[in-house]
Asker: 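Before anything else, here's the structure in question.
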There are 2 protein chains.
Amino acid sequence: MSTVAAPIDFWFDFSSPYGYFMSEKIDALAARHGRSVRWRPFLLGVVYKQIGSRPITEVPLKGEYSRHDLYRSARFLDLPFALPQAFPVATQAAGRAYYWLAAQDGALARRFAQATYRAYFVEGRDISQQAVVLEIAGETGADCAALAEAIATDAVKDMLKAASAEAIAAGVFGSPYVIIDGEPFWGADRLPQIERWLAGGF
Amino acid sequence: MSTVAAPIDFWFDFSSPYGYFMSEKIDALAARHGRSVRWRPFLLGVVYKQIGSRPITEVPLKGEYSRHDLYRSARFLDLPFALPQAFPVATQAAGRAYYWLAAQDGALARRFAQATYRAYFVEGRDISQQAVVLEIAGETGADCAALAEAIATDAVKDMLKAASAEAIAAGVFGSPYVIIDGEPFWGADRLPQIERWLAGGF
């Protein structure tokens with residue numbers, strides 16, 4: 001019997017720009033080391049309320065810096081990026097859609113998540129709007145009518161609530177947050193450490 | 001006439017572990033690109049009061065993570081490190097000593113700063129104690145009696161106060177904070193971006 005390594009957990013909020021950066025890198029990085037990635041959107045606002053934190057853009061001085069750092073980090077990682085006019089936004093619709101899609105078809109859910117991040121951080125579409133989320137889902141091949149019906153149900157709302165509670169239980173306090181065999185990495189700037197960790201270099 | 005590039009500003013608090021990491025890397029990195037570095041200790045507590053922030057170790061969840069991240073980051077950067085038992089600590093004595101020494105002898109002040117960081121983050125000595133600061137200064141070749149007298153004066157206290165005010169005016173909100181020709185970089189994890197910036201790669 002061969003031992004199959006557990007998937008890497010990639011926790012993120014769809015409104016997190018550093019989460020978007022990570023989303024563009026983590027799959028290929030993990031694959032180079034024979035690992036798969038489990039994408040886990042959650043609601044960062046729920047976590048912030050729990051720990052008494054707030055978006056970096058709302059902290060004096062840090063807000064101005066972070067706008068600067070975001071564009072420089074995007075260039076550093078060679079990714080297209082434009083800070084959306086409405087930022088940050090609520091991501092309930094996107095998160096619910098993700099978990100409902102994931103329950104049907106993991107590959108479709110992954111395509112939807114990537115498309116949602118790009119729609120928001122490259123094309124500037126307002127992903128807080130359910131209509132926009134449905135549009136993106138349709139573009140990635142989902143059944144929009146069924147999705148629209150599903151994300152209004154308590155069962156699907158509970159999926160996202162449960163994910164956010166699980167994030168807190170796992171110690172997640174920001175986005176992106178990557179956990180590899182219990183080892184936590186916070187922030188897209190930890191990509192080099194993740195790489196070395198996967199290579200067994202620590 | 002040749003144009004000499006302005007020195008890089010390296011802002012730090014002596015109680016900041018990521019500041020210690022930066023202190024071990026920034027001079028050599030700058031030198032590889034023909035730049036000098038101006039070391040600027042300041043009081044992070046004064047800045048935190050200004051912006052309503054607090055040490056990461058005091059934030060729920062982040063505190064536990066940061067202890068973890070610190071040891072991993074030290075290994076990643078190939079630096080000796082041990083989180084001191086008393087952490088964080090007040091750094092008035094160290095900051096005042098630095099500015100008084102810098103006014104006499106820049107090279108001596110630099111040696112003192114490096115020795116102070118290593119005394120705290122490698123040897124675990126309590127740099128909040130003036131006696132310890134004087135001891136370190138003596139080990140690096142300073143006149144301890146004159147230093148002890150100087151750091152009790154309002155003139156020297158004002159040097160550190162002025163530096164902290166200047167830090168705030170420059171937009172500094174954390175440690176380490178590096179400013180290169182107006183471009184700000186927060187955190188030891190921005191070393192790769194600093195390197196690319198100095199190489200003209202952005």
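Numbers restart at 1 for each chain; the letters A, B, ... are given by sequence-line order, proteins then strands. Computed from a predicted structure; not experimentally measured.
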Asker: Between A/Asp158 and A/Arg96, is there a salt bridge with N-O shorter than 4.0 Å?
Answerer: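 Looking at A/Arg96 and A/Asp158, the cut-off is not met.
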Asker: Take the angle between the ring planes of A/Tyr177 and B/Tyr65 and call it parallel below 30°, perpendicular above 60°, tilted in between.
Answerer: tilted
Asker: Using a cut-off of under 4.5 Å for heavy-atom pairs, which of B/Arg72, B/His68, B/Lys62 has the most such pairs with chain A?
Answerer: B/Arg72
Asker: Give the interface residues of residues 194-202 of chain B toward chain A, defined by a heavy-atom separation under 4.5 Å.
Answerer: B/Arg196, B/Trp197, B/Phe202
Asker: Name the member of B/Pro184, B/Pro192, B/Gly187, B/Gly171 that forms the most heavy-atom pairs with chain A at distances under 4.5 Å.
Answerer: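 Highest number of heavy-atom pairs under 4.5 Å: B/Pro184.
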Asker: Of B/Gln114, B/Arg110, B/Arg35, which meets side-chain hydrogen bond (donor to acceptor under 3.5 Å, both in side chains) against B/Asp27?
Answerer: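 That would be B/Arg110; it is the only one of B/Gln114, B/Arg110, B/Arg35 passing the side-chain hydrogen bond (donor to acceptor under 3.5 Å, both in side chains) with B/Asp27.
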Asker: Please verify the inter-ring angle class for B/Phe12 with B/Phe10; under 30° counts as parallel, over 60° as perpendicular, anything in between as tilted.
Answerer: parallel
Asker: Verify the ring-centre separation between A/Tyr18 and A/Tyr20: is it less than 6.0 angstrom?
Answerer: no
Asker: With a cut-off of under 6.0 Å to the ring centre and 45° to the axis, is A/Arg190 in cation-pi contact with B/Phe76?
Answerer: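 No, a cation-pi geometry is absent between A/Arg190 and B/Phe76.
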Asker: Whether the A/Asp13 and A/Ser15 side chains hold a donor-acceptor pair (N or O, under 3.5 Å, no angle test) is what I'd like checked.
Answerer: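 No, because no side-chain N or O of A/Asp13 sits under 3.5 Å from a partner of the opposite role on A/Ser15.
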Asker: Is it the side chain or the backbone of B/Val172 that comes within 4.5 Å of chain A heavy atoms, both, or neither?
Answerer: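 Looking at B/Val172, just its backbone touches chain A.
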